[in-house]
There are 2 protein chains.
Amino acid sequence: MASSSESNTRPIRLADIAKAAGVSHGTASNVFSRPEIVREEVRERVKAAAEAMGYAGPDPKGRLLRAGKVNAIGVATTEPLSYFFDDPFARAMMAGISEACDATGAGIALVSAGNQEKLAWNIQSALVDGFILFCIEGGSRLVELTRERKLPFVALELGFDDDTVSAIGVDNVAGARLAAQHLAELGHRRFAVLALPFADGSTGLVSPEKVRTALYTGTRDRLVGYFEAFSRYGVDTAGIPVYETENDEASTRAGLETIFASAAQPTAILAMSDRIAMVAIEWLAARGIAVPGDVSVVGFDGVPDAALCDPPLTTVAQPIAEIGRRAARTILDFDGTVRRETLGVELVVRASSGPPPKAA
Amino acid sequence: MASSSESNTRPIRLADIAKAAGVSHGTASNVFSRPEIVREEVRERVKAAAEAMGYAGPDPKGRLLRAGKVNAIGVATTEPLSYFFDDPFARAMMAGISEACDATGAGIALVSAGNQEKLAWNIQSALVDGFILFCIEGGSRLVELTRERKLPFVALELGFDDDTVSAIGVDNVAGARLAAQHLAELGHRRFAVLALPFADGSTGLVSPEKVRTALYTGTRDRLVGYFEAFSRYGVDTAGIPVYETENDEASTRAGLETIFASAAQPTAILAMSDRIAMVAIEWLAARGIAVPGDVSVVGFDGVPDAALCDPPLTTVAQPIAEIGRRAARTILDFDGTVRRETLGVELVVRASSGPPPKAA
DNA sequence: AGCAAAATTTGAATCGATCCAACAAAGGTG
DNA sequence: CACCTTTGTTGGATCGATTCAAATTTTGCT
């Protein structure tokens, strides 16, 4: 009371309030964290002192150290932060994560960075109870970085054989088989595959040997699924071009150029992501190639946008939101065990696939 | 060495490493935070000890308390967390915020909650250096909650007269004027307005008196802008229905039902958000009312989706990403001053607006 | 060798709370 | 009145690091 009301010199601590109210810091702490156990008269006195001194309430920084739990889960990726708001797959996933977090009142911390060193630092210093990793490109590095933090974490997409890391993903082989089978049953016999990355930083046509050594098991499994269906339907697999893209517009277009430059043009394209599929549809339309009249396209993922494009995309739908929910629960209910879940997928037939042209 | 390699009992602290390596904790700390100032031999010894004991590196929880800065900015809303990934306006804003955060390596913490008490708690306990507030419904409560935290914060949309809170928004009066003027110049004389909320929790037709007492200045200003243009073009403002929506599908549809139930149907609808406008377009199409043949629709916001709907929406575009960038910078470069910025808007004419029908 | 300057290392203090065992006071009981 | 509860309060210990002035060791130079 004697001094000025708002001194700008130094933030007010709980101890200051305690002294001003003439109680111990223990009691002052109780006033805020368990008000019911302190006598009303004292409680009011302390609150009044806090009010008078402009105390903002117990600083979470202090509480955190003592409590140990942050009550927030970190979601990390090697892409820039805006990826979470731009990419349809990421958004659907975040919706599922959000739901689980809302239910328990946990927060979400987005972790990423422009460059590599910053990313490493941000993962090391993120104030979270655990991580959900978007393992797209550079996934293995991300896993290594996170592992060092020694916090619970779960990888999205089981892109790693490593059984020591928790992961949630889908049955890629079955999904891919479903997609290829659908096209084969429609009568297609000439295929092309637009693949996701096999390893970091490479693109282009992929040789059969490289397929076997694919770093990313997700990519490999989808390919396995495709080829399983091919051989079951007696499709000649020798001439099927498999083009490795970076799941972006540029590399997909390059792949299409390559594929359609060859003599035997495909009547069906199997894209390993909806992103790729939608770029393909756009590219084909621009070339005057009818979808599905001349060429059918089947995607993979089942992002919401796929239903809206023109023509609506036939695709293998992953339960994206459910994956997100489970990933969040894996961190929130962490029990020290490794949890690896494989969810089922579903073929969603829309207008981008149909029988091959008669002329063929 | 003598004991078991991985004891699960208690996490390893920096002090443990220091003891194991036979150095002071001060030196051990330096090994991790400023390795260059410790002699190589010692540095290696400490690192080896850390490695051997499975030390995860300095715990950010501890560092935080000392350092004071979290290096993350909180983004809060009263909506559920998924709002950030679903709503087009929010997404565009987050893209701008992401960009600014990526540039400085700051993280983003999403703050929200299912219910009110949890939201209050989450705001009080969020580990952030400042807040960006999405002031939609319940904005004033959100501001009050955040103010108590005594951290820098900035409100998106200058929905508050209160000059003590930093805010970034657009010139709503000018934007609204632009929209109404555009329609008036096309020849429209019979308008209807689908408004954003005037205050929490009310909807329905709005009386002129209520307009003046509008709690949300954003809503009020847009209305002012519309009416400025009306009177400038000699439009009879007496009979113009102003329907207060909650910026969602249900209340917008209700508003349209009300508006089109009356005798004098409008030839032009001014929607205070693209969300409302797009719902309106859909509603009109379902009723067989041609847009813009029978009724023109002009939105407000300029979300990316507006360009994609059918017909593409004429709207008043806010520099959404730029607002986000500036909001983030306001927190990151906080200098203790209140910053209020008003950005310009731009009328984007697309296919949802045209001359009124001749028959009228 | 002798000494000043430079390079390292030390250890106490600090950041801001929460927890808990011990203690004090008030209320109830035989 | 002595004794046991119940209710409230206290203050030391702790969470896990960083910081910085002071102490110590090295190095450089004559």
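Per chain, numbering begins at 1; letters A, B, ... match sequence-line order.
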List the residues meeting side chain to side chain contact (heavy atoms under 4.5 Å, CB included) with B:S24, not counting sequence neighbours, and say none if there are none.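 By the side chain to side chain contact (heavy atoms under 4.5 Å, CB included) rule, B:S24 matches B:T27.
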
If the cut-off is 4.0 Å, is B:T27 near the phosphate of C:dT10, judged by side-chain N/O to OP1 or OP2?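 True: B:T27 side-chain N/O within range (under 4.0 Å) of C:dT10 OP1/OP2.
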
Measuring from atom SG of A:C101 to atom CD1 of A:I73, what distance do you get when rounded to the nearest 0.5 angstrom?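 Reported value, rounded in 0.5 Å steps: 4.5 Å.
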
How long is the span from the CG atom in A:L64 to the CG atom in B:L127, to the nearest 0.5 Å?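 Answer for the CG-CG pair, A:L64 versus B:L127, is 5.5 Å.
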
Which residues share a salt bridge (charged side-chain N to carboxylate O under 4.0 Å, His left out) with B:R13, sequence neighbours left out: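 B:R13: salt bridge (charged side-chain N to carboxylate O under 4.0 Å, His left out) contacts with B:D16.
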
Relative to each other, are the rings of A:F84 and A:F134 parallel, tilted or perpendicular (30° and 60° limits)?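 The arrangement is perpendicular - the two ring planes meet at more than 60°.
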
On DNA chain D, which is the earliest and which the latest nucleotide, 5' to 3', with an atom closer than 4.0 Å to a heavy atom of chain B?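 With heavy atoms of chain B under 4.0 Å away, the range is D:dC15 to D:dT19.
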
May I ask you to say whether B:E51 pairs ionically with B:K47, meaning some side-chain N is under 4.0 Å from a carboxylate O?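 No, B:E51 and B:K47 are not salt-bridged.
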
Over 12 non-hydrogen atoms of neighbours within 6.0 angstrom of CD in B:E144: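 Enclosed.
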
Tell me whether B:K118 at atom NZ has more than 12 heavy atoms from other residues, nucleotides or ligands lying less than 6.0 Å away.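 Atom NZ in B:K118 is crowded, with more than 12 foreign heavy atoms closer than 6.0 Å.
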
How does each nucleotide of nucleotides 16-23 of chain C score, in 5' to 3' order, for protein heavy atoms under 4.0 Å: base (B), sugar-phosphate only (S), or none (-)? BBBB----

Please report, rounded to the nearest Å, how far the C1' atom of C:dG27 is from the CZ atom of A:R39.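 Rounded to the whole Å, the gap is 14 Å.
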
Do [X] and [Y] come within less than 4.5 Å of each other through their side chains, counting heavy atoms only?
{"X": "A:L110", "Y": "A:M94", "answer": "yes"}
{"X": "A:T104", "Y": "A:R329", "answer": "yes"}
{"X": "B:I132", "Y": "B:V154", "answer": "yes"}

When you measure from every atom of DNA chain D, which of residues 119-129 of chain A have a heavy atom less than 4.0 Å away?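 Nothing qualifies; none.
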
What does the inter-axis angle of the helix from C:dA1-D:dT30 to C:dG30-D:dC1 come out as, five pairs per end, nearest 10 degrees?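 End-to-end axis angle: 50°.
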
Check against salt bridge (charged side-chain N to carboxylate O under 4.0 Å, His left out), B:R339 and B:D333: CA-CA 11 Å; B:R339 190 186 303 184; B:D333 310 337; 5.3 Å; no

Taking B:E79's backbone N and O only, do any of them form a donor-acceptor pair with B:S112's side chain (distance below 3.5 Å, no angle check)?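 Checked: pair present.
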
